[in-house]
There are 2 protein chains.
Amino acid sequence: MDGTVARNEQEDRVLLEPIKVRSLREHVHEELRQAIISGRLRTGLKLNERQLASELGTSTSPLKEALRQLEAEGLVRTEPRRGSFVTFSERQAEEMTLARAALESIIARQAAKHASEEAFDQLRSVIEEMRLVVEAGSINELIGLNERFHDAVHEASGCDYLRRLQNAQRTYNHAARKTVLSREDVRRASFLEHEAIMKAIVTRNEDEAERLMREHILLAGKTHIELVF
Amino acid sequence: MDGTVARNEQEDRVLLEPIKVRSLREHVHEELRQAIISGRLRTGLKLNERQLASELGTSTSPLKEALRQLEAEGLVRTEPRRGSFVTFSERQAEEMTLARAALESIIARQAAKHASEEAFDQLRSVIEEMRLVVEAGSINELIGLNERFHDAVHEASGCDYLRRLQNAQRTYNHAARKTVLSREDVRRASFLEHEAIMKAIVTRNEDEAERLMREHILLAGKTHIELVF
DNA sequence: TGTCAATATCTGATGTATCAGATTTCAGAG
DNA sequence: CTCTGAAATCTGATACATCAGATATTGACA
């Protein structure tokens, strides 16, 4: 009996995504993050809580919580009794790339070390999809696959905490991908890099997986910064 | 005229530390972080906002903001309309070490690459103090020097964003140091590692600085987890 | 006895009032 | 004209009230 129930639950998971409530705070957080990374809110700008709250149509409570998250993510600096200020610059974008390279490459190593066969299959199948889309698909599809690939590596690594650290950068990564993958030569090169990373992981070559992932991220970061700044 | 004013302001900075106000929120944040890392608040525990607020003698507002920070740091998981839960385990401690190793080693590389001569002097002088204290000083002094060393590396790297990411882990690092440095053999070995890192940085040997820092952190992390869990 | 639904209650989410530190303004003394 | 300091004002910090979703309880019905 128990087995059946568990089975059913698992099958439901495939059909029904767990309901996720997005609180007002999360929306505010996302909105501000986007605005900072895209440059709508310039570095150094003072964020007036009341003004922002009224612009976004909320009260200051969710806004303050969102500011604390941004602060922990390093996009905002807060001085008590003085206010919060936007902190984002070319320099910081560079450092975000370094951080991402450092973390993703460690995650890739863990994936090569610990991943299950099912996780390997996931990786392989994403790469196969990519192979097709890189030739004939839209850029948005490719961006989606790109994110699925990195998610699959994360999943394979089993590193929940590291994943969460990475997640803080998700918006920036997304913005970077969008810019970088707009170039055809980058799309092709990027695919080959992904493929090589996948191969290193499924052959459990930890050193290689780490090294390739790191180079992949650093290269993408460099390209992005060149294109944007 | 302008020049003179700027000059004066800069000189003031040397004499007077800027006053830092610690808001209630920061106290709450620090308190909760400490409690989670030390194990007083167990993994999985549901954090009742009102109860915690009244225990700490505050209202729920600063508490909620502190929870958002902890969430971004990965010590707390929040499900909308359900509540916040403590997330900290041996597995997570391991991953925190991995993250720290990844970030600190990148910072060490940047330090070797970019640091000024003054920054080198700072590093050398900390190491010289350590050399004395490791033989004849108290453990607390050594912990202090340890932190000053890593701060000096951070300072030398010029990586503000990466520093801030690291800072989120500061409390955990402190706790780990306290445990690890309680052993004499570790104190001696650790000093030699620090010295080697310093030498790699001041000779601008980037690869070596990165590698040594990484090994240093991973070793310390392993020791800590063995001693605690 | 087990199921289900109505209800009570708990608790996070949000809004708003108020407090207090920081900044700005401006008048008066030197 | 410059400097000082008091008052006005701005704005972040905090407390508290209220709303609404989630959970627990209970009692009726099959």
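Proteins get letters first, then strands, A, B, ... in listed order; numbering begins at 1 in each.
Straight-line distance from the CG atom of B:L56 to the C1' atom of D:dA15: 15 Å, rounded to whole Å. Between the CG atom of B:L63 and the P atom of D:dA13 there is a distance of 16 Å, rounded to whole Å.
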Which letters describe nucleotides 11-19 of chain C, given B = protein heavy atom under 4.0 Å from base, S = only from sugar-phosphate, - = neither?
BBBBBB-B-
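With sequence neighbours excluded, no residue forms a salt bridge (Lys or Arg N to Asp or Glu O under 4.0 Å) with A:R42. Every residue meeting the side-chain contact (heavy atoms from CB on, under 4.5 Å) condition with B:S61, not counting sequence neighbours, appears here in chain and number order: B:S59. Not counting sequence neighbours, the partners of B:N140 by the side-chain contact (heavy atoms from CB on, under 4.5 Å) test are B:S138, B:I143. Here B:E128 pairs with B:R131 under the side chain to side chain donor-acceptor pair (under 3.5 Å) rule; sequence neighbours left out.
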A:E49 vs A:K64, salt bridge (charged side-chain N to carboxylate O under 4.0 Å, His left out): CA-CA, chis, key distance, verdict
CA-CA 7 Å; A:E49 295 188 353; A:K64 286 173 80 64; 3.2 Å; yes
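Of the listed residues (A:E71, A:E26, A:E73), just one forms a salt bridge (charged side-chain N to carboxylate O under 4.0 Å, His left out) with A:R33, and that residue is A:E73.
Checked for salt-bridge contact, A:R148 and A:E129 meet the test: a charged N lies under 4.0 Å from a carboxylate O.
Centroid-to-centroid, the aromatic rings of A:H224 and A:Y172 come within less than 6.0 Å.
Helical stems involving DNA chain D, defined as 3 or more consecutive Watson-Crick or G-U pairs under 3.5 Å, span C:1-30 with D:1-30.
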